[in-house]
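Single-structure report; data block below.
Numbers for residues simply follow the sequence, beginning at 1.
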Amino acid sequence: MSDTSMLPGHPHIARHGTTLQVEGVALDALVREHGTPLFVYSKQWMLDALAAYQRGFAGRDALICYAMKANSSLGVLRVFAEAGCGFDIVSGGELARVLAAGAEPAKVIFSGVGKTRTEMRQALAAGIGCFNVESEAELDVLNEVALEQNRRAPVSVRINPNVDPKTHPYISTGLKGNKFGVAHDRALAVYRHAASLAGLQVVGIDCHIGSQITESSPYLDALDRILDLVQAIEAAGVPLHHIDFGGGLGIDYDGDTPPAADALWKQLFERLDARGFGDRRILIEPGRSLVGNAGLCVTEVLYTKPGEEKNFCIVDAAMNDLPRPAMYQAFHRIVPVAERPSLPATRYDVVGPVCESGDWLGRDRDLAVEAGDLLAVLSAGAYCMSMASNYNTRARAAEVLVSGATSTLIRRRETVDDQLRTEQAL
Ligand code: LLP
């Protein structure tokens with residue numbers, strides 16, 4: 001009989017004997033080599049997630065632009081660049097990063113409400129594929145910057161379709177009250193204006209309605225509203241080469257059941273075909289769904305601390321490493337790396353060393369652990385390392401990419417010297 005068992009919902013994480021493994025690599029061995037907290041990613045999970053989108057797009061004219069804000073580590077970017085992906089960027093920093101990772105500039109699209117002139121110049125000079133413009137004022141500035149350089153900037157206008165993605169309010173972006181995009185009923189006027197500017201070349205239309213979306217219906221509603229606009233804008237004489245449908249597909253954190261990417265796109269293409277847009281070039285900007293469940297963070301239990309109302313399990317990872325619980329009350333599963341069948345489980349709040357009550361990673365978790373044990377915080381591939389900070393002068397964690405039986409350190413642990421290098425005491 002095999003002593004291997006896969007973690008439910010995590011096909012590349014399994015218990016082998018006394019330790020958890022990511023693909024063919026044991027976590028306890030990685031920790032002996034690299035210490036904790038340690039992010040570990042499965043390359044195969046990323047490629048499988050990408051393959052689901054690729055199946056959905058088979059036979060279609062489509063480009064998958066990985067939204068690199070989800071995880072912008074060079075080693076992760078390289079995986080998607082080698083797989084032929086484009087990238088969705090939101091800053092000059094991300095542009096520099098993705099070019100360093102070997103991305104093709106023509107496959108890069110630039111989103112975000114606050115692009116600076118400097119960032120626009122950099123992106124134009126690099127020859128990116130499209131600027132996703134979010135306001136009329138930004139159109140005018142981009143036009144000026146492009147004319148200065150004797151170029152025409154390829155643009156899409158991000159439309160706010162005013163649909164409810166039914167997700168956490170901090171990560172819904174397509175509602176009227178959000179700062180993102182141009183209102184649906186202003187769209188035609190904004191496109192007419194864009195088409196009149198000599199420094200711009202209108203190439204597409206864009207929308208993104210939110211993140212961690214676990215139902216198909218908000219996407220179908222948004223698609224209908226965008227296609228209505230495509231018809232109206234093209235009838236006004238402005239051709240749209242592509243439709244960028246954003247990202248936002250959710251992952252399973254806690255028994256969530258988002259549609260599979262291929263199943264979602266089957267539905268969306270049925271709608272596109274029915275409305276005569278099945279041949280149109282489609283761009284998407286998925287982030288979380290390409291990396292979220294590829295990653296986990298291994299942390300060591302420093303102390304267990306019984307309390308009057310609560311017991312605390314104090315670990316060496318904190319809100320600076322894993323900010324999602326503190327920011328969005330997000331749930332991440334936490335499992336021991338080695339199980340202790342003889343120890344009774346205790347109900348703990350799993351907390352970090354940062355001096356804030358908001359520094360918790362999981363609440364009311366039943367765990368059989370002692371100081372020195374390792375815990376794995378799951379679903380930590382997206383919006384963890386990319387949102388990590390140095391709060392409390394904590395060094396950011398190391399990251400390892402696993403492929404089969406091979407592990408590669410893709411980011412060494414930060415040192416205090418790294419942090420002090422940019423500062424000066426007068
Ligand atoms: N495109 C645009 C314009 C976006 O604003 C985003 C995410 C994406 C694509 C990628 O969305 P995804 O496929 O990853 O859902 N920090 C939050 C999530 C913020 C998402 C921001 N925008 C979290 O940890 O839940």
Salt bridge (charged side-chain N to carboxylate O under 4.0 Å, His left out) against E270, all qualifying residues, sequence neighbours excluded: K266
For a quick test of reading the model, state the closest non-hydrogen atom pair linking S289 to P286 and the distance between them. OG-CB, 3.6 Å
Give the intermediate values and the outcome of side chain to side chain contact (heavy atoms under 4.5 Å, CB included) for residues V315 and L302. CA-CA 5 Å; V315 298; L302 299 175; 5.8 Å; no
Kindly give the heavy-atom pair with the smallest separation between E94 and I89, and that separation in Å. OE1-CA, 3.3 Å
Scan R412, R411, R394 and name whichever one has a salt bridge (charged side-chain N to carboxylate O under 4.0 Å, His left out) with D418. R412
Exceeds 12 heavy-atom contacts within 6.0 angstrom, atom CG of D366: yes
Would you call D273-R60 a salt bridge at under 4.0 Å N-O? yes
One should read off an interatomic distance between L268 CG and S216 OG, to the nearest 0.5 angstrom, of 7.5 Å
Over all atoms of both residues, closest heavy-atom pair of G248 and H208: N-CE1, 3.8 Å
L63 side chain reached by K107 side chain, heavy atoms, under 4.5 Å: yes
When you measure from the side chain of R365 to the backbone of R363, do you find a donor-acceptor pair of N or O atoms at a distance under 3.5 Å? yes
Do D206 and H242 have side-chain atoms, one donor and one acceptor, less than 3.5 Å apart? no
Without hydrogens or angle criteria, can the side chains of N320 and S389 be said to hold a donor-acceptor pair below 3.5 Å? no
K43 versus H12: any side-chain heavy-atom pair under 4.5 Å? no
Nearest heavy-atom pair of H10 and S379: which atoms, and what distance? CE1-OG, 3.8 Å
Measure from the side-chain N and O atoms of H332 to the backbone N and O of L378, and report whether any donor-acceptor pair falls under 3.5 Å. yes
Would you sort out whether D244 and R158 count as a salt bridge (charged side-chain N to carboxylate O under 4.0 Å, His left out), showing the intermediate values? CA-CA 9 Å; D244 175 345; R158 176 166 173 185; over 6 Å; no
So do V22 and L27 actually touch side chain to side chain, heavy atoms under 4.5 Å? yes
Just do the side chain to side chain contact (heavy atoms under 4.5 Å, CB included) check on I64 and F80 with the steps written out, would you? CA-CA 10 Å; I64 300 166; F80 292 109; over 6 Å; no
Is the side chain of R97 donor-acceptor paired with the backbone N or O of S72 at a distance under 3.5 Å, no angle test? yes
For residues P353 and D359, report the shortest heavy-atom separation together with the two atoms involved. N-OD2, 3.4 Å
Just do the side chain to side chain donor-acceptor pair (under 3.5 Å) check on Y383 and N71 with the steps written out, would you? CA-CA 6 Å; Y383 302 113; N71 187 321; over 6 Å; no
Can you check whether L240 reaches R280 side chain to side chain, under 4.5 Å on heavy atoms? yes
Quick one: pull up CG in L223 and CG in L272 and give me the separation to the nearest 0.5 Å. 4.5 Å
S111 and N132: CA distance, side-chain angles, deciding distance, side chain to side chain donor-acceptor pair (under 3.5 Å) verdict: CA-CA 5 Å; S111 301; N132 290 344; 3.3 Å; yes
What do the steps show when you test W265 against I282 for side chain to side chain contact (heavy atoms under 4.5 Å, CB included), and what is the final call? CA-CA 11 Å; W265 276 95; I282 302 292; 3.8 Å; yes
Donor-acceptor pair, side chain of D140 and main chain of A137, under 3.5 angstrom: no
So does L249 get a backbone contact from the side chain of Y219, meaning a donor-acceptor N/O pair under 3.5 Å? yes
Donor-acceptor pair, side chain of E414 and main chain of R396, under 3.5 angstrom: yes
Using the rule side chain to side chain donor-acceptor pair (under 3.5 Å), only one of R288, Q212, R333 pairs with Y253; which is it? R288
Ignoring hydrogens and geometry, is there a side-chain-to-backbone donor-acceptor pair from D256 to P258 under 3.5 Å? no
Determine whether V25 and Q21 satisfy the following criterion, side chain to side chain contact (heavy atoms under 4.5 Å, CB included), listing intermediate values before the conclusion. CA-CA 5 Å; V25 176; Q21 276 192 200; over 6 Å; no
Is there a donor-acceptor pair under 3.5 Å between the side chain of S42 and the backbone N or O of W45? yes
So, does S386 use its side chain to make a donor-acceptor pair with the main chain of A70 at under 3.5 Å? yes
Hey, what's the ring geometry for F57 with F269, parallel, tilted or perpendicular (30° and 60° as the breaks)? perpendicular
Are more than 12 heavy atoms from other residues, nucleotides or ligands located less than 6.0 Å from atom CD of E309? no
Cation-pi geometry met for K115 and F110 (6.0 Å, 45°): yes
Rounded distance (nearest 0.5 Å) linking atom SG of C297 with atom OH of Y41: 8.5 Å
Is any side-chain heavy atom of H184 closer than 4.5 Å to a side-chain heavy atom of L229? yes
Partner of V31 by side chain to side chain contact (heavy atoms under 4.5 Å, CB included), out of T19, V298, V337, T299: V298
Let me see the working for R15 and E339 under salt bridge (charged side-chain N to carboxylate O under 4.0 Å, His left out), right down to the final yes or no. CA-CA 9 Å; R15 270 188 201 290; E339 284 180 324; 3.4 Å; yes
D373 and L367, any side-chain heavy atoms less than 4.5 Å apart: no
Gap separating the CE atom of M68 from the SG atom of C85, nearest 0.5 angstrom: 13.0 Å
Taking NZ, NE, NH1 and NH2 as the nitrogens, is one of them in D349 or K310 under 4.0 Å from a carboxylate oxygen of the other? yes
Within this structure, what is the OG-CD1 distance for the pair S5 and I13, rounded to the nearest 0.5 Å? 12.0 Å
Measure the CG-CD1 distance between L361 and I334 for me, rounded to the nearest 0.5 Å. 5.5 Å
D262 to G56 - nearest heavy-atom pair and separation: CB-N, 3.8 Å
Is Q122 close to E119 at the side-chain level, that is, under 4.5 Å between some pair of heavy atoms? yes
Hey, are the side chains of T406 and V402 touching, using non-hydrogen atoms and a 4.5 Å cut-off? no
Determine yes or no for a side-chain-to-main-chain donor-acceptor pair under 3.5 angstrom, with E23 supplying the side chain and G404 the backbone. yes
